[in-house]
2 protein chains.
Amino acid sequence: MVRPTDSTQPRTIKEIAAVAGVSKSTVSRVLNDTPGVSPKARELVRSAIEATGYQPNRAARSLVTRATGSIGLVVSEAHARIFSDPFFASMVRGATQVVRPLGIHLVLMLAEDQRARDQLLEYLRHGHVDGVLFVSTHAADPLPRILVAERLPVVLSGRPVSRLQVSYVDVDSVAGAGLAVEHLLELGRRRIATIAGPQDMPAGQDRLRGFTEALAAHGVRPGPVAYGDFDRGSGARAMEELLASGAPFDGLFVASDLMALDALAVLREHALRVPEDVAVVGFDDSVAATQARPALTTVRQPVEEMAKALTLTLLDRIKDPDAPITSRVFPPKLVRRAST
Amino acid sequence: MVRPTDSTQPRTIKEIAAVAGVSKSTVSRVLNDTPGVSPKARELVRSAIEATGYQPNRAARSLVTRATGSIGLVVSEAHARIFSDPFFASMVRGATQVVRPLGIHLVLMLAEDQRARDQLLEYLRHGHVDGVLFVSTHAADPLPRILVAERLPVVLSGRPVSRLQVSYVDVDSVAGAGLAVEHLLELGRRRIATIAGPQDMPAGQDRLRGFTEALAAHGVRPGPVAYGDFDRGSGARAMEELLASGAPFDGLFVASDLMALDALAVLREHALRVPEDVAVVGFDDSVAATQARPALTTVRQPVEEMAKALTLTLLDRIKDPDAPITSRVFPPKLVRRAST
DNA sequence: TTGTATGCGTTATCAA
DNA sequence: TTGATAACGCATACAA
């Protein structure tokens, strides 16, 4: 029985070369999948690496390649918002899954306020990361634009507001709102209200548009509309507003599920039953919130899958900075409330 | 008007040396605050750095110092749990504030399941980070113990279950529960129930103990007790249990505020008014949840401050691995519900 | 297909 | 108090 790894870390390429009986260069070539290596030599090196548990030294590699092996995960949003939103959890999980087997570091970067944003910009400019993953739904953020201008590889989750030469992934909000409306129609509801999101954000716009268009497609007049800002709390206000308006409705589509949770609470406070009196469908930005108490039918985003795609896109872009801009729009899925 | 920074990044120590009219060594000494440098030379270098916007190359530095300039933020817990818990938000904010001005990377590492944990362990063993910040309240996690054994600097948020030679910060849960009880007593409540946390976790134990002891100190008999696991959902079950038990109560202390939110919802479902029928105090692990709808009196942790302390402790430990083990216990604060 | 030699930017050792 | 100079571990241009 031999200890496979010494407690002393410093295995080097040289050591592997010695074990494999080749030169350092050959080891390096194998490590980087450089073409011109004989299968025999390649195998020799492979097993030497296997046997010693060797892992290349990031710093040394960085020094010569000018790459850091890290990518930034920038969250330019109020923390409380982000972390109370499990959407972020799934993003991180997806990104991590892609990044970990590659030995790439996912560096957490927060930019809550202007001061933090300035610091962050300075930091990113200094080449501390090879690329940046933006997980921010607030589209007014100037950071992506600046970084793109500086030619730092950048990808976004969520369609950017204005024309920006940057790849992104997004959920098909229009289709999602359509799913919600169709579900409500199937339930026989004909007076369908909505709590829409902010209209200066693409997600807010699209979900309202999807709502309106789907109703129109079925020849049904839309019910009352109130607006929130996607956050917890704003849904309650909007819900109160809808109820106060006096306009009757028997179905409700809520453009975010944090707002939907509020809506449910307010409906209950007003002694309205769900779904008997009002059938509610929420747009699911946050998986866990509804998992906890699955009282809500939701339009669910494949967030984790989206995160993986996003991360892979960034890595591609880092490899080839002149890769074409891509955008992938994922279809959401209707998840019915538990029959409880 | 001169552009302070070229678009080309690669400023080096050599360049600074040339500008300042000294040798590379002197620049390096200034950079690292090495004693033996004349004030004049130091000033020369300082201004050269200032003028050029120079930042040392991490990789080159790493290569020779054998330090990475990164610390890991390990979250060994189900994502959904963590990210639905704004406690984590404040932890990250605090850590970031300490780390950013120092140019240290906060690398996000998730260890949801066993497979991920194994991978992570391997990763950490390979010296990818200089130290590890554990933000995990689950104390059964074997990772800290293993890493401590491997002599990797480690600090914990939350007291570890068993004896472990590791520094930590924690909130004074006993005192916090006491605050809750005293508040309820001041409100004139005498039949005080509790939804306690899991008794295999220090926080769960301490909060129940604080509850019991505070009541005893005031000569009041404790009301019924039900148990949850701190998570959303478990609070609802516990609340139902309390109500089903038939034991009367007019006050309630809930050991986590996710459970407290559940409790509020269930009370409302049962047409019980808060605080008229039952006065509720939650233990606040998550600031934002209660900020959103401040319907709850809570015992609040100074999470951000704790995170700063934790991070500083880790940095100290990295500097001096033989530094004494420390533990800091922070006092929580009672935050009354809005008068709405 | 392989090996040798050079340099990446920094710290650290040694002489001056 | 300072300045040459030798590592650090790797990728790569070039020679073989």
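Residue numbers start from 1 in every chain, and the chains themselves are labelled A, B, ... in the order their sequence lines are given, proteins ahead of strands.
- Residues forming a ring pair (Phe, Tyr, Trp, His ring centres under 6.0 Å) with Y123(B) (at least two apart in sequence, or on another chain): H105(A), H128(B).
- Close to dC10(D), at under 4.0 Å from its OP1 or OP2, lies no side-chain N or O of S62(A).
- Under the 4.5 Å side-chain criterion, counting only non-hydrogen atoms from C-beta, V74(B) is not in contact with V135(B).
- Remark: R46(A) engages no residue in a side chain to side chain donor-acceptor pair (under 3.5 Å) (not counting sequence neighbours).
- The distance from atom CZ of R58(B) to atom C1' of dC8(C) is 17 Å, rounded to the nearest whole Å.
- Checked for salt-bridge contact, K40(B) and E43(B) miss the test: no charged N lies under 4.0 Å from a carboxylate O.
- A sub-4.0 Å separation between OP1 or OP2 of dG9(C) and a side-chain N or O of R61(B) is absent.
- Straight-line distance from the NE2 atom of H126(A) to the P atom of dT10(C): 12 Å, rounded to whole Å.
- Residues meeting the side chain to side chain donor-acceptor pair (under 3.5 Å) test with Q119(A), sequence neighbours left out: R100(B).
- Atom pair I13(B):CD1 and dA4(D):P shows a separation of 14 Å (rounding to whole Å applied).
- Set against dT2(C), dT10(C), dG3(D), the side chain of P56(B) has dT10(C) as its closest nucleotide.
- Annotation: of the two residues near DNA chain C, R42(A) and R29(B), the 5′-most nearest-nucleotide partner is R42(A).
- With hydrogens and angles ignored, a donor-acceptor pair under 3.5 angstrom links the side chain of S25(A) to the base of dT4(C).
- Across all strands shown, S28(A) has heavy atoms under 4.0 Å from base atoms, whether or not it also approaches the sugar-phosphate.
- The interatomic distance linking K14(B) (NZ) with dA4(D) (P) rounds to 12 Å, in whole Å.
- Remark: N57(A) engages no residue in a side chain to side chain donor-acceptor pair (under 3.5 Å) (not counting sequence neighbours).
- If one axis is set at each end of the helix from dT1(C)-dA16(D) to dA16(C)-dT1(D) from five pairs, those axes are 40° apart, to 10°.
- Among residues two or more places apart in sequence or in another chain, the side-chain contact (heavy atoms from CB on, under 4.5 Å) test is passed with N32(A) by S28(A), T34(A), R61(A).
- Look at Y54(A) and you'll find a side-chain N or O under 4.0 angstrom from OP1 or OP2 of dC10(D).
- Within the 4.0 Å cut-off from OP1 or OP2 of dT12(D), not a single side-chain nitrogen or oxygen of T34(A) is found.
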Could you tabulate the donor-acceptor pairs under 3.5 Å formed by side-chain atoms of residues 308-316 of chain A, not counting sequence neighbours?
from    : atom 1 : to      : atom 2 : distance (Å)
K308(A) : NZ     : Q97(A)  : OE1    : 3.1
T311(A) : OG1    : A307(A) : O      : 2.8
T313(A) : OG1    : A309(A) : O      : 2.7

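- T65(B) comes within 4.0 angstrom of the backbone, heavy atoms only, and of no base.
- Heavy atoms of A41(B) sit under 4.0 angstrom from primed sugar atoms or phosphate atoms, though from no base atom.
- Judged by closest nucleotide on DNA chain D, P39(B) is the one of P39(B) and L31(A) placed further toward the 5' end.
- Between S70(A) and D130(A) there is no side-chain heavy-atom pair separated by less than 4.5 Å.
- Remark: Y54(B) engages no residue in a side chain to side chain donor-acceptor pair (under 3.5 Å) (not counting sequence neighbours).
- Rounded to whole Å, atom P of dG9(D) lies 13 Å from atom CZ of R11(A).
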Please enumerate all protein N or O atoms sitting under 3.5 Å from an N or O of nucleotides 6-8 of chain D, with distances to 0.1 Å.
from   : atom 1 : to     : atom 2 : distance (Å)
dC8(D) : O3'    : R66(B) : NH1    : 3.0

